[in-house]
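First the structure, in the form of structure tokens, and then the observations on it.
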Amino acid sequence: MSFAKAQELLKLAMMATRRSGVSLEDIVEEFGCVHRSAQRMTDALQAAFPQTIPLDGEDRKRRWHIPARAVAALLTPSAEELAALKTAINELEAAGMKPEAATVRQLDRKVRALIPPEAGTRLAVDEEALLEALGHAARPGPRPVVSGEVDAAISEALKGPFLLRISYRKRQQDKPSERVVAPHGLLLGVRRYLVARDTAKKAGAPLQHYRVEEIYSAEVLEDSFDLDPNFNIRLHAEKGFGSFESAAEHGNVVWRFSPEAAPYARRFVFHPTQVIEEEPGGSILIRFQASGHLEMCWHLYSWGKSVEVLQPAKLRAMVHGHQRKFDVLP
């Protein structure tokens with residue numbers, strides 16, 4: 001057996017330790033193989049791991065399951081995996097998600113506690129080298145001040161889901177006011193927004209965005225609620241260019257990048273829905289649908305005169321006269 005095939009077999013064994021086991025459809029999706037190849041992989045799995053138990057579910061699909069203890073000794077994490085865990089902790093902390101960072105840190109401790117002593121020293125050296133090369137020890141850049149108590153309450157409410165009583169100040173308000181909201185998700189960006197329904201508004205009212213740094217206090221209530229069945233945080237996030245979303249602003253966006261800036265713009269993903277069009281002379285058009293004109297302005301400024309806003313007209317007017325020549329592009 002080749003080294004690559006052995007790695008695939010071990011990965012399949014790890015998948016089989018899940019409570020639901022692993023099906024042929026799971027194998028086809030994970031390994032990008034055909035159905036017949038998936039069948040051969042299950043044959044190899046049973047030959048290498050006699051503890052494999054084939055079970056037929058109520059949906060008439062066969063799944064293969066391996067007790068976790070049968071492969072535990074083979075699952076020592078790699079230096080790359082440990083470094084990825086540490087990086088994830090740092091990224092969560094940088095994003096102000098303290099409760100989530102604490103949870104992943106606890107997972108990191110559990111994983112390290114299971115590493116055999118003879119492998120620990122070598123892994124620690126390799127991990128340190130990787131982290132130093134990744135440069136994630138201290139991530140620079142401005143970010144809003146966060147409150148650990150507010151973040152913990154939001155995290156707990158989202159897991160319930162439970163209603164959340166918050167003290168919140170709008171930009172035009174002098175003092176914060178109290179309201180009870182039903183949290184549906186959290187948008188991360190230059191600023192963080194809690195996506196929630198204000199329970200004081202009538203049923204069917206659109207979800208609101210609350211800037212997390214303007215939430216002065218938060219209390220998790222005992223009352224749970226039903227999430228909007230049509231809400232999807234990923235699709236909701238795609239409505240905005242950054243972390244702000246406005247139905248009134250949402251629409252077609254078209255930017256033209258000059259021939260000099262085009263090679264740099266091609267290496268950016270400005271929005272998940274973007275489409276790139278080549279133009280004669282080397283310039284390119286970037287098309288997508290989103291809202292958040294002010295966040296677009298902040299980003300467009302860094303491109304200076306290398307980008308021209310074609311649509312929407314309101315955004316074109318906002319950036320007009322504010323472009324300047326930069327020696328270095330983003």
Side-chain angles (χ1 to χ4, degrees), residues 88-106 138-228 231-250 290-299:
I89 294 170
N90 291 335
E91 291 290 336
L92 287 169
E93 289 182 335
M97 302 178 68
K98 302 294 184 182
E100 290 78 8
T103 300
V104 180
R105 187 179 292 107
Q106 183 64 22
R139 183 175 179 178
R143 59 180 182 269
V145 175
V146 299
S147 165
E149 291 78 10
V150 169
D151 285 346
I154 291 175
S155 178
E156 184 67 23
L158 287 171
K159 286 185 289 187
F162 298 111
L163 294 178
L164 191 66
R165 180 182 288 116
I166 61 175
S167 177
Y168 181 74
R169 185 184 72 86
K170 290 185 175 181
R171 287 281 173 87
Q172 63 271 26
Q173 288 181 317
D174 294 329
K175 296 181 179 180
S177 58
E178 188 175 279
R179 63 194 72 194
V180 175
V181 300
H184 279 59
L186 197 64
L187 296 178
L188 306 179
V190 177
R191 295 187 183 278
R192 295 182 302 148
Y193 287 87
L194 175 66
V195 183
R197 173 172 50 84
D198 189 336
T199 59
K201 297 184 181 296
K202 62 180 181 180
L207 295 171
Q208 305 292 310
H209 285 192
Y210 301 92
R211 295 186 307 279
V212 174
E213 69 269 20
E214 296 295 347
I215 299 177
Y216 290 79
S217 64
E219 177 189 358
V220 181
L221 304 181
E222 294 182 356
D223 301 320
S224 61
F225 64 94
D226 293 326
L227 292 168
D228 182 348
F231 177 77
N232 180 290
I233 188 63
R234 182 184 62 81
L235 296 178
H236 186 79
E238 289 182 358
K239 295 178 181 179
F241 176 73
S243 53
F244 176 78
E245 186 272 326
S246 167
E249 289 185 3
H250 193 271
S291 60
H293 294 165
L294 184 57
E295 287 183 310
M296 293 183 199
C297 286
W298 293 339
H299 182 74

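Residues: numbered from 1 along the sequence shown.
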Any donor-acceptor pair under 3.5 Å linking the side chain of Glu219 with the backbone of Ser217? no
Yes or no on side chain to side chain contact (heavy atoms under 4.5 Å, CB included) for Glu214 and Lys170, after CA distance, side-chain angles and deciding distance? CA-CA 7 Å; Glu214 296 295 347; Lys170 290 185 175 181; over 6 Å; no
Once you measure the plane-to-plane angle for Tyr210 and Tyr168, does it fall in the parallel (<30°), tilted (30-60°) or perpendicular (>60°) bin? perpendicular
Show the nearest heavy-atom pair for residues Ala237 and Leu187, with the distance to one decimal. CB-CD2, 3.7 Å
Would a 4.5 Å heavy-atom cut-off, applied to side chains only, mark Glu222 and Phe162 as touching? no
Go through the side-chain N and O atoms of Tyr216 and Arg169 and say whether any donor and acceptor fall under 3.5 Å apart. yes
For residues Val181 and Thr199, determine if any side-chain heavy atom of one lies less than 4.5 Å from a side-chain heavy atom of the other. no
Which atom pair, heavy atoms only, marks the closest approach of Leu227 to Pro161? CG-CG, 4.0 Å
Test side chain to side chain contact (heavy atoms under 4.5 Å, CB included) on Ile166 and Val150 and set out the steps. CA-CA 9 Å; Ile166 61 175; Val150 169; over 6 Å; no
Looking only at heavy atoms, the pair that brings Phe241 and Ala290 closest together is N-CB, 3.8 Å
Would you indicate whether the side-chain heavy atoms of Leu194 and Leu164 approach each other to under 4.5 Å? yes
Can you measure from CD1 (Ile154) to NZ (Lys98) and round to the nearest 0.5 angstrom? 14.0 Å
Can you check side chain to side chain contact (heavy atoms under 4.5 Å, CB included) on His184 and Ile233, steps first, answer last? CA-CA 8 Å; His184 279 59; Ile233 188 63; over 6 Å; no
So, for Pro183 and Ala196, which heavy atoms are closest and what is the spacing to 0.1 Å? CA-CB, 3.7 Å
Does a side-chain heavy-atom distance below 4.5 Å link His209 with Glu245? yes
Does Asp151 reach the side chain of Glu149, with side-chain heavy atoms less than 4.5 Å apart? no
State, yes or no, whether a side-chain contact exists between Arg211 and Arg192 at a heavy-atom distance under 4.5 Å. no
Taking C-beta and beyond as the side chain, do Leu207 and Phe231 meet within less than 4.5 Å on heavy atoms? yes
Residue pair Arg105 / Thr103, side-chain donor-acceptor N/O under 3.5 Å: no
A side-chain contact here means heavy atoms from C-beta on lying under 4.5 Å apart; do Phe244 and His293 qualify? no
Please assess Gln208 against Arg197 for the test side chain to side chain contact (heavy atoms under 4.5 Å, CB included), listing each intermediate value before the final yes or no. CA-CA 6 Å; Gln208 305 292 310; Arg197 173 172 50 84; over 6 Å; no
Looking at Ser291 and Lys239, would you say the former's side chain and the latter's main chain have a donor-acceptor pair under 3.5 Å? yes
